[in-house]
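What follows is a short report on a single structure.
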Amino acid sequence: MDIHIAVLPGDGIGVEVVDAAMRVLYAVGDKFKHVIHAEFADVGWAAIDKHGTALPASTREICRRNQAILFGAVGLPERDKTLPQKDRPERVALLELRKGLFANLRHILLPPGLAGRCPLKMELIKSGIDIMIIRELTGGLYYGQPQRISGTAPHRQAVDTLPYSEPEINRILKIGFETARRRRRRLTSVDKANILATSQLWRELATAMGRQYPDIQLEHIYVDNASMQLLRRPSDFDVMVMENTFGDILSDEASMLAGSIGLVPSASLGEPDGSGKSAVPFYEPIHGSAPDIAGQNKANPVATILTVAMMLNYTFGLSQEASAIEKAAFKVLNAGKTLTGDLGGQATCSEVTAAIIAAL
Ligand SMILES: NC(=O)c1ccc[n+]([C@@H]2O[C@H](COP(=O)([O-])OP(=O)(O)OC[C@H]3O[C@@H](n4cnc5c(N)ncnc54)[C@H](O)[C@@H]3O)[C@@H](O)[C@H]2O)c1
């Protein structure tokens, strides 16, 4: 298969971890006989310094004409401060490139060998943690209108609105069911159906869609309970799907269950809208540019390497290749010999990458 991707390393450790992930991608390409066509482009401060803007037209064009975007990180706090909020790299680049992508997937993985890195007690972790959190990204409370503060102090009033339409709910639920089908076939739908109208509609639609997926075990759970169960029985969860605000909170909570922020990959996906046009899927580690360790070969490359696995799986349908990367990364992490500093080891980013390629 020919694989066409836009590669945007960005700032700080973005450069190092994307380089590591590309090495793994080329190794997988060799092993499985795929041809990787990568077009590199500037983003973030790397782009401001050369082109005067964090997201130049040339970068947009490269993203537009490829099948997926592999992104490192943007932003450098000391330099960000010199710009108004609206012109900062994270805002300019991420908002634009993620436009139209309504599903955000975070893969929370804790290999058993790293159980000691998790803040939970060993007996709660059992055989490790492997959860895919799917968050609706473009609707709900953050975008609903009206949203305003009115009146005069001390009697001001504030209002936020939480709207969701059937199509918006159905398209994210579908991603939930389809993702569960590629994994352990368990889907947890998170809502607050005892109180919120949007959640009542959500639960009704989830139940109806569940009938089209008889092979998927569907569980409904209230969001407050979900936040507890994530800490009580994290090994039981497979795929969890939820609306925007619940997802914002639970995905951050769940990220803490992985051994380090340097292990968590993510994907933002849309779907063809019928006109054939759809935003280009966007893949990135959840961490930032980590200026404190940038340029020192200390960054953990695993999140970005697992990001490449998600890309192969979700955009290119190459589940065997994705699984080969995950297994190789797991092997290295479980062996515990070649770990970066964030996991208590002393290995460099390059050494971890080489070990994962060797394990492939
Ligand atoms: N998507 C993005 O591009 C994105 C996301 C978050 C933050 N940022 C930007 O990155 C800059 C730094 O932000 P921050 O310090 O709040 O968050 P950060 O994620 O960059 O770093 C937080 C801490 O985690 C460590 N860390 C992060 N990734 C690591 C890895 N792969 N291996 C080992 N350790 C790792 C860092 O050393 C640091 O101590 C800011 O300018 C911020 O705006 C960008």
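Numbering of ligands and ligand atoms starts at 1, following listing order.
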Selection residues 148-163 - residue pairs positive for side chain to side chain donor-acceptor pair (under 3.5 Å), sequence neighbours left out: Gln147-Asp160
Show the numbers, then the answer: is there a ring pair (Phe, Tyr, Trp, His ring centres under 6.0 Å) between Phe282 and Phe71? CA-CA 7 Å; Phe282 186 86; Phe71 187 92; 4.9 Å; yes
By ring-ring contact (aromatic ring centres under 6.0 Å, His included), which residues pair with Phe237, not counting sequence neighbours? none
Got a list of side-chain donor-acceptor pairs under 3.5 Å for residues 105-116, not counting sequence neighbours?
from	atom 1	to	atom 2	distance (Å)
Arg106	NH1	Ser251	O	3.4
Arg106	NH1	Asp252	OD1	3.0
Arg106	NH1	Ser255	OG	2.9
His107	NE2	Asp130	OD1	2.7
His107	NE2	Arg183	NH1	3.2

Contact summary for Gly176 and Val239, nearest pair of heavy atoms: O-CG1, 3.9 Å
Those protein residues which place at least one heavy atom below 4.0 Å from ligand 1: Ile13, Phe71, Ala73, Val74, Gly75, Leu76, Pro77, Asp80, Glu90, Leu94, Ile261, Gly262, Glu284, His287, Gly288, Ser289, Ala290, Pro291, Asp292, Ile293, Ala299, Asn300, Asp342
Between Asp2 and His37, does the side-chain contact (heavy atoms from CB on, under 4.5 Å) criterion hold? Intermediate values first, please. CA-CA 7 Å; Asp2 283 288; His37 306 269; 2.7 Å; yes
